[in-house]
*Asks:* 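Have a look at this one.
First the proteins, then the strands, lettered A, B, ... as listed; each starts at 1.
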Protein chains: 4
Amino acid sequence: MSATRKPQPACDQHPVISRTGPRRSESVRLAVLHAADDLLVERGFAALTIEGIAQRAGVAKQTIYRWWKSKVDILLDTLTDDAREALEWRTGQGSPEDDLTDHLQRVADFFAEPAGQVMQALLGHAQLDKETAASLRGGFLREQRERDIAGLGALLTRALAPATVDDRLVDHLVDLLLGPLYYRVLVFGKPIDKELVNTTARLVLTLAHEFTSTEPEA
Amino acid sequence: MSATRKPQPACDQHPVISRTGPRRSESVRLAVLHAADDLLVERGFAALTIEGIAQRAGVAKQTIYRWWKSKVDILLDTLTDDAREALEWRTGQGSPEDDLTDHLQRVADFFAEPAGQVMQALLGHAQLDKETAASLRGGFLREQRERDIAGLGALLTRALAPATVDDRLVDHLVDLLLGPLYYRVLVFGKPIDKELVNTTARLVLTLAHEFTSTEPEA
Amino acid sequence: MSATRKPQPACDQHPVISRTGPRRSESVRLAVLHAADDLLVERGFAALTIEGIAQRAGVAKQTIYRWWKSKVDILLDTLTDDAREALEWRTGQGSPEDDLTDHLQRVADFFAEPAGQVMQALLGHAQLDKETAASLRGGFLREQRERDIAGLGALLTRALAPATVDDRLVDHLVDLLLGPLYYRVLVFGKPIDKELVNTTARLVLTLAHEFTSTEPEA
Amino acid sequence: MSATRKPQPACDQHPVISRTGPRRSESVRLAVLHAADDLLVERGFAALTIEGIAQRAGVAKQTIYRWWKSKVDILLDTLTDDAREALEWRTGQGSPEDDLTDHLQRVADFFAEPAGQVMQALLGHAQLDKETAASLRGGFLREQRERDIAGLGALLTRALAPATVDDRLVDHLVDLLLGPLYYRVLVFGKPIDKELVNTTARLVLTLAHEFTSTEPEA
DNA sequence: AGGTAATCGAGACGGTACGTCGCGTCTTCAG
DNA sequence: CTGAAGACGCGACGTACCGTCTCGATTACCT
């Protein structure tokens with residue numbers, strides 16, 4: 001759904017015969033993304049309209065419709081740029097437990113940033129609209145899930161005997177690790193306190209130990 | 001925000017001297033709630049309009065606006081009626097572990113029911129609109145949280161030495177218990193598999209044991 | 001259409017066995033008429049609503065609908081009471097010419113009074129609504145026309161040789177006499193200046209003389 | 001108030017540098033005017049709604065509101081186009097008396113035409129609404145009055161000694177000439193019979209003779 | 001250098017739903 | 001039975017954005 005930048009969209013019908021005329025203006029693209037971002041943070045998703053974005057960005061409506069399908073598509077575009085690095089795993093800084101705690105804390109902080117609000121809005125809208133859900137889950141969320149599995153997997157490999165870390169286990173542990181944080185944010189809208197971060201991190205490590213030592217799971 | 005039924009709204013200044021004239025029609029109220037519920041399930045939140053509800057319910061738009069502030073307000077009304085019992089704790093049926101697993105399974109099933117879809121839509125909209133968030137969290141979600149704490153507390157009291165169950169511990173455990181389920185549903189939109197239910201239930205009991213036996217956490 | 005007061009309307013089904021319960025409250029009737037009158041003068045016809053009248057008069061809407069068919073019907077009621085005497089012919093005060101001038105002047109003044117504004121509004125609405133037109137023309141205007149013919153006829157009888165005054169002539173002369181005044185008011189909305197009053201009065205007398213002396217009309 | 005066509009409205013600040021983008025669609029304008037005209041004649045002023053016009057014209061409501069302030073404004077627009085020529089003075093065809101009679105007859109016929117019904121409705125509404133009154137009287141009626149004065153003046157100049165025709169006299173005579181016709185139509189809603197036309201025409205000429213021969217009135 | 005083909009601003013246009021107003025009917029209760 | 005209060009179905013109001021479209025002006029590439 002989202003129109004990404006680097007890999008130009010598939011609308012180049014004949015890539016051999018490069019076409020004449022001006023190319024897509026990068027400044028316009030950024031103006032739209034920033035306008036959308038600002039308006040979302042300032043006035044909320046409901047007040048975010050294509051006409052409003054166009055006016056704020058000093059751009060014609062048609063120009064927006066040329067490159068994005070909807071306001072959701074614009075937000076998906078901003079998310080791809082901004083959220084990936086904020087949710088990156090930076091392991092190997094200290095002990096596995098410290099690393100895990102640090103990462104969770106960064107996830108917790110992320111929701112307070114603009115990019116976090118964009119994601120919160122998109123997650124919200126995904127509950128209301130199947131197309132948004134498909135775009136978000138088929139794109140960013142799927143990739144992020146992969147990064148989370150890889151990140152947690154690497155960390156556990158470091159903490160435990162490597163051979164015992166199997167993928168299905170890590171997959172489950174990701175749910176147990178991130179679930180409580182998202183629950184706090186999405187359901188209760190409360191900031192995530194340090195205690196929850198610490199408890200969850202320690203819990204998952206404990207559990208990983210237990211699972212790998214006994215392995216009673218079907 | 002929501003117009004509740006049994007406890008009449010605060011506009012009765014003097015319940016003794018009730019005013020003259022016709023009273024609010026209960027049949028109209030139900031027609032609206034059912035129409036909203038049906039349309040949400042059939043066509044989704046985006047296609048849910050006040051005009052659509054009015055037409056489906058065979059009711060005038062003005063009548064809806066007289067009693068509800070918005071379509072969100074209508075959904076909040078349906079939630080209060082329907083979701084409470086679906087998320088009730090019915091403990092004392094078997095072993096603590098079985099009881100907990102049963103309850104989680106009912107929570108998991110709940111999201112597939114109409115009332116669950118209403119709640120999912122409301123949680124989604126709460127990410128987009130502060131007023132919805134305030135209404136939902138200040139009303140249903142707060143009460144449900146209390147019921148969850150009471151329910152899990154009672155269950156743990158049965159499972160462990162009663163004196164050791166303190167409220168703050170239970171509060172945390174509720175997050176760890178329900179977080180992964182909501183995460184699955186809200187973020188990935190996937191049905192909750194039995195494995196996650198079992199793992200989570202067992203995990204929380206394990207954790208409760210650990211916390212109460214070793215140290216009560218700072 | 002208009003509910004008149006003295007000759008009770010035809011809704012008394014059995015005039016012999018007089019019915020039980022309270023009779024129509026005259027105070028309610030007057031409150032409604034005055035409220036309608038006041039609102040018309042203060043805010044204009046467009047802002048004159050049944051609900052507004054009811055509120056102003058401290059009366060329930062149903063009470064109004066019980067006795068009048070529409071807001072036009074209310075205005076017709078006020079007109080009957082007030083306009084008749086304002087447009088009465090009071091001849092025999094002086095010379096025929098003076099009498100005629102005086103009468104025209106009173107007609108001119110009438111439009112500035114509340115009752116005149118009611119009539120102006122009704123004449124306006126009669127252009128827009130056939131039912132209003134029928135009620136107004138079949139009732140008040142027809143009667144007023146008769147009074148005008150009688151009045152002018154009597155005056156001309158005094159001024160000319162009695163035998164020569166025939167009804168068809170007077171009928172025409174009424175148009176020529178009042179037409180210019182109504183034209184000024186209804187079409188141009190201007191106050192009627194004394195010059196027009198004098199000219200018209202004199203003109204009609206001149207014309208009457210001419211017609212009766214030569215009588216060339218078919 | 002009325003959006004006129006030929007003399008483009010004053011919103012062109014610099015007619016040389018005309019703005020970019022699509023221009024006002026003339027076909028839309030005509031569709032709206034015709035729809036309004038038709039509906040007025042078919043169903044009357046009360047049943048004439050913006051929504052009805054929009055539907056009949058196959059046009060969006062917003063498009064109507066973009067160019068006209070109200071349904072009255074639309075009717076004013078149709079009037080400007082249609083009524084002017086119907087009420088034109090075409091003198092010099094025959095004797096002054098014949099010319100005058102012919103003109104009055106055309107005025108009489110005018111009220112039966114669609115354009116005449118539009119004008120009747122506007123005159124009616126002008127009694128009920130000050131803004132309508134101001135627009136109508138400040139625009140069409142003022143111009144028509146000028147044309148009437150010019151037309152009657154030219155005719156009298158032909159009929160009498162030119163030097164004796166002064167403007168104030170003609171101004172009065174216009175009232176005396178047209179007043180009775182409008183009185184018949186607006187107050188009694190009756191068609192204008194030939195007799196009234198002939199009488200009025202002859203009367204005004206007689207009067208003009210008298211005024212110019214004897215004294216020019218204070 | 002000119003032609004060609006795209007982008008871009010502006011905004012008119014047919015729509016849908018909004019939230020409000022007043023209509024005329026109806027129901028309830030007090031006197 | 002009257003009358004105040006007001007809920008109800010209804011229709012139109014005037015507004016906000018939607019997504020599509022038509023303009024003219026402005027580039028950038030390609031003969």
Side-chain angles (χ1 to χ4, degrees), chain A residues 17-25 27-28 31 47-55 57-67 69-71, chain B residues 17-25 27-29 46-55 57-67 69-71, chain C residues 19-25 27-28 31 46-55 57-67 69-71, chain D residues 17-25 27-28 46-55 57-67 69-71:
Chain A
I17 303 173
S18 73
R19 56 170 200 66
T20 177
R23 294 304 185 286
R24 174 174 188 181
S25 159
S27 66
V28 161
L48 185 68
T49 66
I50 297 280
E51 301 212 326
I53 297 170
Q55 190 164 355
V59 144
K61 265 199 305 179
Q62 181 58 50
T63 302
I64 295 183
Y65 282 110
R66 208 187 330 267
W67 302 111
K69 280 174 55 186
S70 63
K71 66 178 181 177
Chain B
I17 304 175
S18 72
R19 60 159 203 71
T20 179
R23 289 314 147 45
R24 174 173 188 182
S25 159
S27 66
V28 161
R29 181 178 170 272
L48 185 68
T49 65
I50 298 278
E51 296 209 328
I53 297 170
Q55 190 166 355
V59 144
K61 253 199 310 180
Q62 183 59 57
T63 300
I64 296 184
Y65 283 109
R66 205 186 333 266
W67 301 111
K69 281 174 54 186
S70 61
K71 65 178 180 178
Chain C
R19 52 173 201 63
T20 178
R23 293 308 183 282
R24 175 174 187 184
S25 158
S27 65
V28 162
L48 185 68
T49 65
I50 297 279
E51 301 210 327
I53 296 169
Q55 190 165 355
V59 145
K61 267 199 303 177
Q62 183 57 52
T63 303
I64 295 184
Y65 282 109
R66 206 180 338 258
W67 301 109
K69 281 174 54 185
S70 63
K71 66 179 180 177
Chain D
I17 304 175
S18 73
R19 62 159 205 73
T20 181
R23 290 313 147 48
R24 176 174 186 182
S25 160
S27 66
V28 161
L48 184 68
T49 66
I50 297 279
E51 294 208 324
I53 297 170
Q55 190 165 353
V59 144
K61 253 198 308 179
Q62 183 59 56
T63 299
I64 295 184
Y65 283 109
R66 208 189 328 268
W67 302 112
K69 280 174 52 187
S70 62
K71 65 179 181 176

*Asks:* Remember a base hit wins even if backbone is also touched, and classify D/G58 as base, sugar-phosphate or nothing at under 4.0 Å, heavy atoms.
*Replies:*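 Sugar-phosphate contact only - D/G58 comes under 4.0 Å of backbone atoms but never of a base.
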*Asks:* Measure from the side-chain heavy atoms of A/P22 and tell me the nearest of E/dT7, F/dT22, F/dC29.
*Replies:*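 The answer is E/dT7.
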*Asks:* B/S25 side chain: which of E/dA12, F/dC8, E/dG19 is closest?
*Replies:*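 Selected nucleotide (nearest to the side chain): F/dC8.
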*Asks:* Kindly point out which of E/dA12, F/dC8, E/dG22 is positioned nearest to the side chain of D/R66?
*Replies:*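 Of the options given, the side chain of D/R66 lies nearest E/dA12.
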*Asks:* Mapping B/T20 and D/G21 onto DNA chain F by nearest heavy atom, which one lands closer to the 5' end?
*Replies:*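 With B/T20 and D/G21 compared, the 5'-side residue is B/T20.
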*Asks:* Are C/T63 and C/R66 side-chain neighbours, meaning at least one heavy-atom pair lies under 4.5 Å?
*Replies:*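 Answer yes - side chains close enough.
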*Asks:* In terms of side-chain heavy atoms of A/T63, which of E/dG14, F/dA7, E/dC8 is nearest?
*Replies:*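 That would be E/dC8.
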*Asks:* By nearest atom, which of the nucleotides F/dC8, E/dC23, F/dG6 is closest to the B/R19 side chain?
*Replies:*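 Minimum distance to the B/R19 side chain belongs to F/dG6.
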*Asks:* Can you identify which nucleotide, out of F/dG14, F/dC18, F/dG9, has its nearest atom closest to the D/K61 side chain?
*Replies:*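 Shortest atom-to-atom distance from the side chain points to F/dG14.
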*Asks:* Check every atom of F/dA7, F/dG14, F/dG19 against the side chain of D/Y65 and return the nucleotide holding the closest atom.
*Replies:*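 Looking only at side-chain atoms, D/Y65 lies closest to F/dG14.
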*Asks:* Would you say A/R24 reaches F/dT27's phosphate, i.e. side-chain N/O to OP1/OP2 under 4.0 Å?
*Replies:*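 A/R24 to F/dT27 OP1/OP2: no side-chain N or O under 4.0 Å.
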*Asks:* Taking only the side-chain heavy atoms of A/Q62 (C-beta and beyond), determine which of F/dT20, F/dC29, F/dC18 contains the nearest atom.
*Replies:*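 Closest nucleotide to the A/Q62 side chain: F/dT20.
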*Asks:* Heavy atoms from C-beta onward define the side chain here; which of E/dT25, E/dC18, E/dG14 lies closest to that of B/E51?
*Replies:*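 The answer is E/dC18.
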